[in-house]
Amino acid sequence: MSTPVKGNQDFFYNNRFIHDFRQASPYIHHFNGKTLVLAISSHVLVSDKLAALAADILLLTSLGMRLVITHGCSQFIRTIADCHNAISIDKNSVTDEAALRLVKQACGIARFDLEAALSMIPTQVMDHSVPNVRISSGNFLRAKPLGVINGIDMGYSGSVRKVDAAAIEEHLACNQLVLISPIGHSLSGQSYRLPVNEVAQAVSEAINAEKLIFLGTQQGILDEQQQTISKLNCIEIRQLLARNITDKRQTKLLQTAVHVLEHGVQRVHVLSGLHDGSLLLELFTREGSGTSMAKAPFMRIRPAENKDIGEILQLIAPLEAAGILLPRDSEYMENHIHEFSVLEQDCYVYGCVALHVYPQERAGELACLIVSPNARTRGYGELLLSHVIKQAQELQLQVLFALSTNTGDWFIERGFTSATLTQLPLKRQQQYTSNKRQSKIFRRQL
Ligand code: 1C4
């Protein structure tokens with residue numbers, strides 16, 4: 001029997017898979033044990049994409065993520081209303097008794113459809129011993145009536161009064177997925193219709209979720225040109241809101257995002273639930289698939305740690321091969337890691353820099369300055385330089401120098417001047433002579 005020969009095509013896809021899987025690994029580690037709230041639009045629930053989304057949700061649970069799902073029901077309301085020739089209800093209108101009945105029916109259908117989709121065994125698995133994910137729903141929300149607004153009695157339209165976070169936590173701790181429909185009950189036993197955004201906001205804040213993810217029909221938050229904005233922080237969200245360019249639905253999402261980000265939720269994502277795999281792309285790739293929002297800018301510079309060595313060496317390798325940077329191996333890195341800082345965005349290292357100190361000469365060398373090719377010309381190089389200058393000033397050094405074979409202009413444009421060999425600390429002069437690189441020398445008074 002002949003062994004099947006793998007074609008080039010297979011080889012390419014395998015390599016791609018290995019690359020992608022490795023790229024996902026920091027996120028897989030990071031999200032293990034984290035709590036995510038998913039708010040799924042009813043447009044997604046009624047679409048033929050529900051099964052694929054449910055399979056991805058199940059994958060997240062198998063990777064150790066704790067999930068709470070809430071959902072919209074407007075599309076179900078419309079369908080039931082059509083069937084019974086009844087008047088459909090608008091999201092913001094008054095909820096009378098008949099409308100409340102419609103909402104209850106719609107929520108019931110939405111819930112059963114979601115439960116059914118989440119009970120499916122993915123076709124790739126087809127192993128009937130795979131345990132069912134347990135889904136709990138119940139009276140997790142306490143509601144209160146909206147009351148009378150501008151002279152109009154809003155009837156059974158309500159808002160969230162309290163979330164039973166302890167109960168949700170108990171279910172999550174038992175590895176159950178919690179499903180919360182947008183209906184809450186009051187202390188007097190009356191049910192109220194709740195806006196799904198508000199439910200998502202209240203729940204994610206109450207349980208201190210890591211992420212709140214909206215899965216709707218649009219790919220993310222859109223700018224004036226209808227292009228998806230990939231990242232926003234709270235300052236940018238407020239600026240966007242002030243420009244008044246987003247439609248009513250996106251405005252609401254942005255307002256919810258600012259609120260939850262300022263109340264402890266780490267990230268808010270807006271994605272299309274109609275785009276196959278968008279949830280996985282958003283969570284496990286650097287690029288994401290929709291809009292990711294955080295309280296503060298996403299990037300930070302921090303001291304390097306041993307766990308960063310692998311990523312730093314990956315950044316160095318091509319530049320070392322091209323003769324731009326000095327060779328540094330893992331042993332060198334382990335011994336000098338305390339001199340390095342890394343620029344991190346999300347869970348990834350996008351750049352690094354080192355400061356070697358020559359205490360006797362009160363001088364410092366800015367070395368191993370790299371910004372990842374896919375993150376250049378965003379000012380990260382400048383930020384790493386400012387970081388090293390600040391470090392050097394705190395150490396009361398008087399001069400900072402850098403050696404470079406091809407980045408001279410970059411340093412000159414940033415306040416450095418050309419220098420001679422004799423202006424280097426003695427020890428560095430010896431290294432310079434022995435490595436024969438003939439690098440250009442630049443220095444800057446601090
Ligand atoms: N020359 C002049 N301008 C350059 C440039 C260059 N080689 N590379 C980029 N720029 C310009 C861009 O065109 C852009 O200009 P623009 O469009 O704004 O007008 C501007 O810089 C971008 O500035 P930024 O702040 O956004 O900077 P980043 O793109 O984030 O990063 C790096 C700039 C130079 C860090 C980045 O391009 C990079 O990683 N380059 C490859 C690595 C590199 O050349 N690093 C500089 C090392 S000098 C070595 C060592 O190993 O310790 C060698 C020592 C020895 O003995 O020889 C160092 C220090 O590491 N030394």
Side-chain angles (χ1 to χ4, degrees), residues 230-231 286 297-304 308-309 311-346 348-358 361 363-392 397 399-446:
S230 65
K231 289 192 182 344
R286 287 184 201 218
F298 283 75
M299 185 280 303
R300 67 174 176 147
I301 296 175
R302 61 163 173 81
D308 304 314
I309 290 176
E311 280 187 273
I312 295 175
L313 287 174
Q314 269 182 30
L315 286 174
I316 292 176
L319 297 161
E320 178 190 322
I324 294 170
L325 296 187
L326 290 171
R328 291 171 176 92
D329 59 16
S330 47
E331 193 186 334
Y332 173 92
M333 289 304 302
E334 276 167 29
N335 292 329
H336 293 81
I337 195 71
H338 59 281
E339 298 179 340
F340 279 76
S341 302
V342 290
L343 185 148
E344 183 185 64
Q345 187 173 311
D346 284 334
Y348 270 102
V349 169
Y350 275 89
C352 67
V353 69
L355 173 65
H356 301 314
V357 178
Y358 297 84
E361 290 86 350
E365 176 182 359
L366 177 152
C368 202
L369 170 67
I370 316 168
V371 171
S372 163
N374 57 358
R376 287 189 190 154
T377 66
R378 291 183 202 165
Y380 288 174
E382 183 109 29
L383 287 174
L384 286 165
L385 170 63
S386 307
H387 176 76
V388 165
I389 290 174
K390 190 160 165 264
Q391 277 185 318
L397 303 183
V399 65
L400 184 68
F401 62 88
L403 277 76
S404 172
T405 50
N406 75 341
T407 325
D409 288 351
W410 194 85
F411 285 104
I412 298 284
E413 284 165 21
R414 285 157 182 80
F416 283 74
T417 52
S418 290
T420 59
L421 185 59
T422 52
Q423 289 176 294
L424 288 180
L426 206 56
K427 195 171 162 206
R428 189 62 177 98
Q429 286 185 31
Q430 287 158 1
Q431 282 171 354
Y432 183 97
T433 316
S434 64
N435 73 24
K436 298 192 173 68
R437 285 167 56 84
Q438 295 297 314
S439 310
K440 301 266 190 309
I441 304 166
F442 302 92
R443 55 179 260 141
R444 179 178 157 154
Q445 216 63 37
L446 294 170

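We count residues from 1, following the sequence as given. In listed order, ligands and their atoms are each counted from 1.
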Asks: If you scan the protein for heavy atoms around atom 52 (O) of ligand 1, do you find one that is closer than 4.0 Å?
Replies: yes
Asks: Would Leu325 count as being in polar contact with ligand 1, using the rule that some N or O on each side must be under 3.5 angstrom apart?
Replies: no
Asks: Indicate the ring-plane relationship of Phe401 and Tyr358, choosing parallel, tilted or perpendicular according to the 30° and 60° boundaries.
Replies: tilted
Asks: Can you find an N/O atom of Val371 closer than 3.5 Å to an N/O atom of ligand 1?
Replies: yes
Asks: Heavy atom under 4.0 Å from ligand 1: found in Leu319's side chain, backbone, both, or neither?
Replies: side chain
Asks: Can you tell me if Arg444 uses its side chain to pair, donor with acceptor, with the backbone of Arg414 under 3.5 Å?
Replies: yes
Asks: For Arg428, counting its heavy atoms only, list the atoms of ligand 1 lying under 4.0 Å from any of them.
Replies: 56 (O)
Asks: Looking at Glu365, Glu339, His336, which one forms a side chain to side chain donor-acceptor pair (under 3.5 Å) with His356?
Replies: Glu339
Asks: Return a yes/no value for Ile324: is any of its N or O atoms, backbone included, closer than 3.5 angstrom to an N or O of ligand 1?
Replies: no
Asks: Would Ser404 count as being in polar contact with ligand 1, using the rule that some N or O on each side must be under 3.5 angstrom apart?
Replies: no
Asks: Can you find a pair of side-chain heavy atoms, one from Ile389 and one from Leu446, that are under 4.5 Å apart?
Replies: yes
Asks: Return yes when Arg414 approaches ligand 1 closer than 4.0 angstrom through a heavy atom, no otherwise.
Replies: yes
Asks: Where the closest heavy atom to atom 1 (N) of ligand 1 is concerned, which of Leu383, Thr405, Leu384, Asn406 has it?
Replies: Asn406
Asks: Among all protein non-hydrogen atoms, which one is nearest to atom 9 (C) of ligand 1, and what is the separation to 0.1 Å?
Replies: Trp410 CD1, 4.1 Å
Asks: At less than 4.0 angstrom from any non-hydrogen atom of Cys368, what atoms of ligand 1 do you find?
Replies: 50 (C), 52 (O), 58 (C), 60 (O)
Asks: Can you find a protein heavy atom closer to atom 19 (O) of ligand 1 than 4.0 Å?
Replies: no
Asks: Which residue holds the protein heavy atom closest to atom 38 (C) of ligand 1, what is that atom called, and what is the gap in Å?
Replies: Arg376 NE, 3.4 Å
Asks: Considering only heavy atoms, which of Cys352, Ala354, Gly379 lies nearest to atom 26 (O) of ligand 1?
Replies: Gly379
Asks: Under a 4.5 Å cut-off applied to non-hydrogen side-chain atoms, are Ile312 and Ile337 in contact?
Replies: yes
Asks: Can a donor-acceptor pair be found, under 3.5 Å and without considering hydrogens, that links the side chain of Arg376 to the backbone of Val371?
Replies: yes
Asks: Is Glu331 atom CD crowded by more than 12 heavy atoms from other residues, nucleotides or ligands, each under 6.0 Å away?
Replies: no
Asks: So for Arg328, does at least one of its heavy atoms come nearer than 4.0 angstrom to any atom of ligand 1?
Replies: yes
Asks: Tell me which one of Gly381, Ala367, Pro373 gets a heavy atom nearest to atom 30 (O) of ligand 1.
Replies: Gly381
Asks: Measure the distance from atom 59 (C) of ligand 1 to every protein heavy atom, then report the residue, atom name and distance (to 0.1 Å) of the closest one.
Replies: Leu403 O, 3.5 Å
Asks: Give the residue, atom name and distance (to 0.1 Å) of the protein heavy atom nearest atom 44 (O) of ligand 1.
Replies: Thr407 OG1, 3.0 Å
Asks: Where is the nearest protein heavy atom to atom 25 (O) of ligand 1: which residue, which atom, and how far?
Replies: Glu382 N, 3.0 Å
Asks: Please tell me if the side chains of Leu403 and Leu326 come closer than 4.5 Å, counting only heavy atoms from C-beta onward.
Replies: no
Asks: May I ask you to check whether over 12 heavy atoms, not counting those of Lys231, lie within 6.0 Å of atom NZ?
Replies: yes
Asks: Of the protein's non-hydrogen atoms, which lies at the shortest distance from atom 43 (C) of ligand 1, and what is that distance?
Replies: Leu369 O, 3.7 Å
Asks: Taking the side chain as C-beta and beyond, is there a heavy-atom pair between Ser341 and Val388 under 4.5 Å?
Replies: no
Asks: Any idea which protein heavy atom is nearest atom 57 (O) of ligand 1, and the distance to it?
Replies: Ser439 OG, 2.6 Å
Asks: Does atom 16 (P) of ligand 1 have any protein heavy atom closer than 4.0 Å?
Replies: no
Asks: Taking the ring centre of each residue, are Phe416 and Phe442 less than 6.0 Å apart?
Replies: no
Asks: Decide yes or no for Ser372 and Val349: does some side-chain heavy atom of the first lie under 4.5 Å from some side-chain heavy atom of the second?
Replies: no
Asks: So is Phe411 close enough to ligand 1, meaning a heavy atom under 4.0 angstrom away?
Replies: yes
Asks: Within a strict 4.5 Å, meaning less than it, do heavy atoms of the Ile370 and Cys368 side chains meet?
Replies: yes
Asks: When you measure from the side chain of Arg437 to the backbone of Ile324, do you find a donor-acceptor pair of N or O atoms at a distance under 3.5 Å?
Replies: yes
Asks: Looking at atom 22 (C) of ligand 1, what's its closest protein heavy atom, distance included?
Replies: Thr377 CA, 4.0 Å
Asks: Can you check whether a protein heavy atom sits less than 4.0 angstrom from atom 46 (C) of ligand 1?
Replies: yes
Asks: Distance-only, no hydrogens or angles: does the Glu311 side chain make a donor-acceptor pair with backbone N or O of Asp308 under 3.5 Å?
Replies: no
